[in-house]
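Nothing fancy with the numbering, it's 1 onward along the sequence.
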Amino acid sequence: MYFEVGDRIKMKKAHPCGSHEWGVLRVGIDFRLRCEGCGHQIMVPRTLVEKNCRGVMHEGEGAYHKPEARKPDVSPHA
């Protein structure tokens, strides 16, 4: 799955504060996520994020959608 720093992720389970939404601060083998409800930051293995992710909103988009398997084509000639 493809994620970038600045994306917002909607997770399957809620954080104890009640929010399902997380901001991506770091991407790699481990992700650093910030809860959009309370601001708490956590490090999570990539496998857990991919398993529990229900939707992703890339920077500049207005709605959640299913994560892509690879980086989307962004061609200026499209």
Q: State the CH2-SG distance between Trp22 and Cys53, to the nearest 0.5 angstrom.
A: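 Answer for the CH2-SG pair, Trp22 versus Cys53, is 13.0 Å.
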Q: Mind checking ring-ring contact (aromatic ring centres under 6.0 Å, His included) for His20 and listing every partner two or more places apart, or none if nothing turns up?
A: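 Once residues adjacent in sequence are excluded, His20 has no partner under the ring-ring contact (aromatic ring centres under 6.0 Å, His included) criterion.
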Q: Under the rule for side chain to side chain contact (heavy atoms under 4.5 Å, CB included), what residues qualify as partners of Val5, not counting sequence neighbours?
A: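 For Val5 the side chain to side chain contact (heavy atoms under 4.5 Å, CB included) partners, ignoring immediate neighbours, are Val27.
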Q: What closest approach, in Å, do Cys35 and Ser19 show between heavy atoms, and which atom pair accounts for it?
A: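 Closest heavy-atom pair between Cys35 and Ser19: SG-CB, 3.9 Å.
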Q: Where do Met11 and Arg54 come nearest, in terms of heavy atoms and distance?
A: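 Minimum heavy-atom contact is C-CG, 4.1 Å.
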Q: Does anything in residues 6-18 pair up under salt bridge (Lys or Arg N to Asp or Glu O under 4.0 Å), and if so which pairs, sequence neighbours excluded?
A: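 Only Arg8-Glu21 qualify under salt bridge (Lys or Arg N to Asp or Glu O under 4.0 Å).
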Q: Any side-chain heavy atom of Glu4 sitting closer than 4.5 Å to one from Glu59?
A: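 Counting from C-beta outward, Glu4 and Glu59 never come under 4.5 Å.
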Q: Report the distance from atom CD of Glu50 to atom CZ of Phe3, rounding to the nearest 0.5 Å.
A: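 Reported to 0.5 Å precision, the distance equals 6.0 Å.
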Q: Give, for atom CE of Met43 and atom CG of Leu33, the distance between the pair rounded to the nearest 0.5 Å.
A: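 So the CE of Met43 and the CG of Leu33 are separated by 9.0 Å.
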Q: Do Cys38 and His15 have side-chain heavy atoms sitting under 4.5 Å apart?
A: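 Contact flag for Cys38/His15 side chains = yes.
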Q: Going by the rule salt bridge (Lys or Arg N to Asp or Glu O under 4.0 Å), which residues pair with Arg32 if we only count those two or more places apart in sequence or in a different chain?
A: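 For Arg32 there are no salt bridge (Lys or Arg N to Asp or Glu O under 4.0 Å) partners, ignoring immediate neighbours.
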Q: Please list, chain by chain and in numerical order, all residues satisfying side chain to side chain donor-acceptor pair (under 3.5 Å) with Arg26, sequence neighbours excluded.
A: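 With neighbours one apart ignored, the set is empty.
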Q: Name all residues meeting the side chain to side chain contact (heavy atoms under 4.5 Å, CB included) criterion together with Arg34; count only those two or more places apart in sequence or in a different chain, and write none if there are none.
A: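 With neighbours one apart ignored, the set is Leu25, Glu36, Gln41.
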Q: Test Val44 against Asp30 for side-chain contact (heavy atoms from CB on, under 4.5 Å), laying out the working first.
A: CA-CA 6 Å; Val44 184; Asp30 293 321; over 6 Å; no
